[in-house]
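Keep in mind that this is a model prediction, so the values were computed, not measured.
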Amino acid sequence: MSGQSEDWNLPKSWNRKILQDWEIDRLLTNLEITVQKRYRQSTKKDLLLGLLCGYSLKKIGQDLHKKNGVVRAELSNIYRDIETLTGEANKSVKSSNLVYVLEKHGYRRGSVVSAIQRRDIPHNLPAPTYTQFIGREADMKKLLERLSSVHGAHMITVHGIGGVGKTALVLAAAYLCLKASNENSSDAPKFDAIIFTSAKQQELIPTNSILWRQQGQRNLRDIFREIANALDDPTILQSPLNDQFDRVRQSLSKRRTLLIVDNMETIEDRDEVIEFLYNLPICIKVAITTREQIALLPIRLQNLPPDDGLQLIRQQAEEKGISINDEDSKQLYDRTGGIPLAIVYAIGQVSSGYSLNSVLARLTSATGNVARFCFEESVQGIKGQPPHKLLMSLAIFPDSAILTAVAEVAGLTAAPDAVNNGLARLRQLSFVNLNPETKRFEMLSLTREYALAELAAYPDFEREVRRRWVTWYLDFAHDYAGEDWEKWIHYNKLKPEEGNLRAVLYWCKDQDRYEAVRDLWMLLIHYANVYAYWDDRLDWLQWLIEQSERRGEWSSFVKLIVRKSWLLIRECSSLSLKEADKILRRTWILRDYADLCVHADLAESMARLQIRQKDYQDARHWLTVEEKLVIEANLEERQHIRYFIPVLYHRAEIFYLEGKYSLAKKLFQDVMQSAEKISWHRVINSARNWLADVAIEQDDRYEAEKLLSQGFTVAEMTHNKRRLARYQRSLGRWEKKWGSVEKARQFSTKAINGFKHLGMTRDAQEMQIFLDSL
């Protein structure tokens, strides 16, 4: 309640009682409107509240430090004002019956309203086009709060793309206000008049057509005419044109009014209309709907979330008497992007006899009615300009995009002002949204489909856009992807771009751009393999292997085989190990096509394979080969450490598997020290896990607990799912030995689920045996 607790000279307990018992804000607002006097910022308010509190004239005078004669004179004026407000007879209101009079006229909460207050307020609201308003709870709450007299601003805008439900939301709120006003309830803000004006020029109807409206309020004169008709005040239109503004203002200021201006973007004299609305008295609330954002207390409407969208689909299907299953409902929601108008239109089309597939196909067509209604007029105004290029460029990003990427792909990097102004224009048109938390530009799926169709109409521009798109992501991956010992600190930048990176890969594959796929994938393989766990890793590797072999590009072929062997050995099923053995032995013959570092990686894969097959003697042989190759490569110090660490690591692993725990502990400690020199944090935490397992085997309870606590926390923080599953396995073993059997079961179950999710078959099987033993 605006300012109603300021400068009150009354006890706080009486404050609370007044607020609980009386609708003070409405009373003060109605008095100010009716008698054109200030009550909130004057002692009239305190005098009135003192009477409602039950204070005597003497007590009120003492608290306000006023003489009794002054108080008596002021109270007399208040009684006359209340008579004017309520229509009571002249000089009939006095201190003895004030409470009764105000209660009779509905100002006490919960009081029975006198028949003279039960009236139908004037309004011209159009009939609702729905039987039940679905969703938008938060938006409705915000809108009603801003329509309340408590809220200071008197102009509210609701903006969003065409069809998102702006008019429906405002009308639903207006009907709530109308009901509260007629019934004098406190369920919604109350008004003395509600006036609806609309400049909407077209309606999309499910009979497969766009209906052009012949009537509407498209300029200030039209709005004045609608206000005059709604208030039944012919003097407005009878006045000279130059005087009509004052007549409207005077007529509206006599009552608390809700004025709705629908489709502001199509009004002809928009600046004049906004100036008129801005200068209206504060007792008039103005709700504006527009496709273009206006900086007047905006409420931005976006697509309906899945639950609300699916509920709308069910409601529309039931009303139209058609049956639609859950799968089709999900497909319809995805294709419409949760835009209410598109959902209603699609269901209407299906009920008219069209198949769902044909309706879905037409929904995103650039020449279809939905696209034309939602986008055509707005896009027409930006064609050939930077906003148009930015819109089409942004559409090829399936996920949100950062500003630098959009500017580069659009070919506007050299024109930063054009980029900033263009994106601002697209935001005004509600085509894109800037996420305030991620600072990334987002686009609704329906908008994206239309923009992609628009892009296809400019093939030369599309070729350049695609070329710059691929180049940008190759450069991006070169900067932030790569081996985790060098680039792990940048991996957090890759996560938000995963969807876009995948899109680049798939597009290049479809266009048979093998080199781009190869270069991008080789940069991403460590991230995708160790942290992101892309489930199509083997598919990509197999495609690249086939393509490199077909081209006779043996250097890449060898590198790709090594990467594929990692995944097969990690799976550790009998079939995957057999395949790994086959491809590694073939590739060893082709090793001279690659450099010595790749030779070392190949030898490491051979050693890992033998460890998994429990042939430790052969594994040691391959580790010796690997060691010699690393020395022969004559690498600089950091590179040498990086390639020598796997030799130490797998030798330590063999010692552990052979039960030589002291030797394993010494080598794993050496691994940690070497990894720390080059900040290879993944290996540090992996060695820590092994050292914890060694401590468990050596009955060193507290050392194991310390190592597991440290390592488990790191695995969680870095989102290394493979290492997390292995720490859960170790924690299960620790709990079995020294802790709780129940916790051992919990950790074991989590480890099993993790291994299964990662495709680590043998690890999951071994952990299941452990769980069964508990």
- Message: Run the side-chain hydrogen bond (donor to acceptor under 3.5 Å, both in side chains) test on Asn492 and Tyr480 for me, step by step, so that the C-alpha distance in whole Å, both residues' side-chain angles and the decisive distance to 0.1 Å come before the verdict.
- Response: CA-CA 9 Å; Asn492 63 320; Tyr480 301 116; over 6 Å; no
- Message: Going by side-chain contact (heavy atoms from CB on, under 4.5 Å), Lys564 matches just one of Glu579, Lys559, Arg537. Which one?
- Response: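 So, applying the side-chain contact (heavy atoms from CB on, under 4.5 Å) to Lys564 and each of Glu579, Lys559, Arg537, only Glu579 qualifies.
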- Task: Give me the one residue out of Arg570, Arg722, Gln765, Arg726 that meets side-chain contact (heavy atoms from CB on, under 4.5 Å) with Phe755.
- Result: Arg726
I'd like to know if [X] and [Y] make a salt bridge, using a cut-off of under 4.0 Å between side-chain N and carboxylate O.
{"X": "Glu454", "Y": "Lys383", "result": "yes"}
{"X": "Asp326", "Y": "Lys330", "result": "no"}
{"X": "Asp763", "Y": "Arg612", "result": "yes"}
{"X": "Asp536", "Y": "Arg502", "result": "yes"}
{"X": "Arg448", "Y": "Glu442", "result": "no"}
{"X": "Lys750", "Y": "Glu716", "result": "no"}
{"X": "Arg642", "Y": "Glu483", "result": "yes"}

Report yes or no: does [X] contribute a side-chain atom to a donor-acceptor pair with the main-chain N or O of [Y] at less than 3.5 Å?
{"X": "Arg335", "Y": "Leu360", "answer": "yes"}
{"X": "Ser556", "Y": "Glu553", "answer": "no"}
{"X": "Asn420", "Y": "Pro416", "answer": "yes"}
{"X": "Arg591", "Y": "His599", "answer": "no"}
{"X": "Asp615", "Y": "Gln610", "answer": "no"}
{"X": "Asn433", "Y": "Met443", "answer": "no"}
{"X": "Asn421", "Y": "Asp417", "answer": "yes"}
{"X": "Tyr473", "Y": "Asn500", "answer": "no"}

Heavy-atom pair of closest approach, residues [X] and [Y]:
{"X": "His526", "Y": "Gly482", "answer": "CB-O, 3.5 Å"}
{"X": "Glu292", "Y": "His159", "answer": "O-CB, 4.3 Å"}
{"X": "Tyr727", "Y": "Asn685", "answer": "OH-O, 2.8 Å"}
{"X": "Ala675", "Y": "Val683", "answer": "CB-CG1, 4.1 Å"}
{"X": "Tyr593", "Y": "Ser555", "answer": "O-CB, 3.4 Å"}
{"X": "Leu629", "Y": "Ala600", "answer": "CD1-N, 3.8 Å"}

Find out whether [X] and [Y] are in side-chain contact, i.e. whether some heavy atom of one side chain is under 4.5 Å from a heavy atom of the other.
{"X": "Cys508", "Y": "Leu520", "answer": "no"}
{"X": "Phe441", "Y": "Phe397", "answer": "no"}
{"X": "Asn435", "Y": "Ser400", "answer": "no"}
{"X": "Leu623", "Y": "Glu626", "answer": "yes"}
{"X": "Phe644", "Y": "Leu635", "answer": "no"}
{"X": "Ile569", "Y": "Ser576", "answer": "no"}
{"X": "Ser686", "Y": "Tyr649", "answer": "yes"}
{"X": "Ile324", "Y": "Val350", "answer": "no"}

Looking at residues at least two apart in the chain, or sitting in another chain, which of them share a side-chain contact (heavy atoms from CB on, under 4.5 Å) with [X]?
{"X": "Pro387", "value": "Ile382, Gln385, Arg425, Leu426"}
{"X": "Asn753", "value": "Thr749"}
{"X": "Ala410", "value": "Leu390, Ser393, Leu412"}
{"X": "Glu464", "value": "Arg467, Arg468"}

Return the set of residues passing ring pair (Phe, Tyr, Trp, His ring centres under 6.0 Å) with [X] (not counting sequence neighbours), or none when no residue passes.
{"X": "His650", "value": "none"}
{"X": "Trp588", "value": "Trp622"}
{"X": "His478", "value": "none"}
{"X": "Tyr514", "value": "none"}

- Message: Using ring centroids (six-membered ring only for Trp), state whether Tyr458 and His388 fall under 6.0 Å.
- Response: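 Yes, ring centres under 6.0 Å apart.
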- Please determine, by modelled atom types, if Asn720 and Arg682 share a side-chain donor-acceptor pair under 3.5 angstrom.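 The criterion, which ignores hydrogens and geometry beyond distance, is not satisfied for Arg682 and Asn720.
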- Message: What I want to check is whether the side chains of Glu546 and Gln542 have a donor and an acceptor closer together than 3.5 Å.
- Response: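 Glu546 vs Gln542: donor-acceptor pair found between side chains.
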Would you please name every residue forming a salt bridge (charged side-chain N to carboxylate O under 4.0 Å, His left out) with [X], sequence neighbours left out?
{"X": "Glu462", "result": "Arg466"}
{"X": "Glu265", "result": "Arg291"}
{"X": "Lys582", "result": "none"}

- Query: Going through the checks in order, is the salt bridge (Lys or Arg N to Asp or Glu O under 4.0 Å) test met by Glu549 and Arg586?
  - Reply: CA-CA 13 Å; Glu549 186 174 20; Arg586 179 197 173 194; 2.6 Å; yes
- Item | Exceeds 12 heavy-atom contacts within 6.0 angstrom, atom CZ of Phe461 | yes
- Can you tell me if CG on Asn325 sees more than 12 non-hydrogen neighbours from other groups inside 6.0 Å?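 Check passes, neighbour count above 12.
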- Task: For the pair Asp601 and Tyr643, evaluate side chain to side chain contact (heavy atoms under 4.5 Å, CB included) and give the outcome as yes or no after the intermediate values.
- Result: CA-CA 8 Å; Asp601 285 339; Tyr643 278 95; 3.5 Å; yes
- Message: As a quick check of understanding, evaluate side-chain hydrogen bond (donor to acceptor under 3.5 Å, both in side chains) for Arg762 and Ser573, giving each step before the final call.
- Response: CA-CA 6 Å; Arg762 182 184 292 181; Ser573 66; over 6 Å; no
- Find the distance between CD1 (Ile583) and CD1 (Ile561) and round it off to the nearest 0.5 Å. 4.5 Å
- Query: What class does the angle between the rings of Trp554 and Phe557 fall in, given that below 30° is parallel, 30 to 60° is tilted and above 60° is perpendicular?
  - Reply: perpendicular
- Task: Return each pair, listed once, that meets side chain to side chain donor-acceptor pair (under 3.5 Å) where at least one residue sits in residues 627-640; pairs must be two or more places apart or across chains.
- Result: Glu627-Arg651
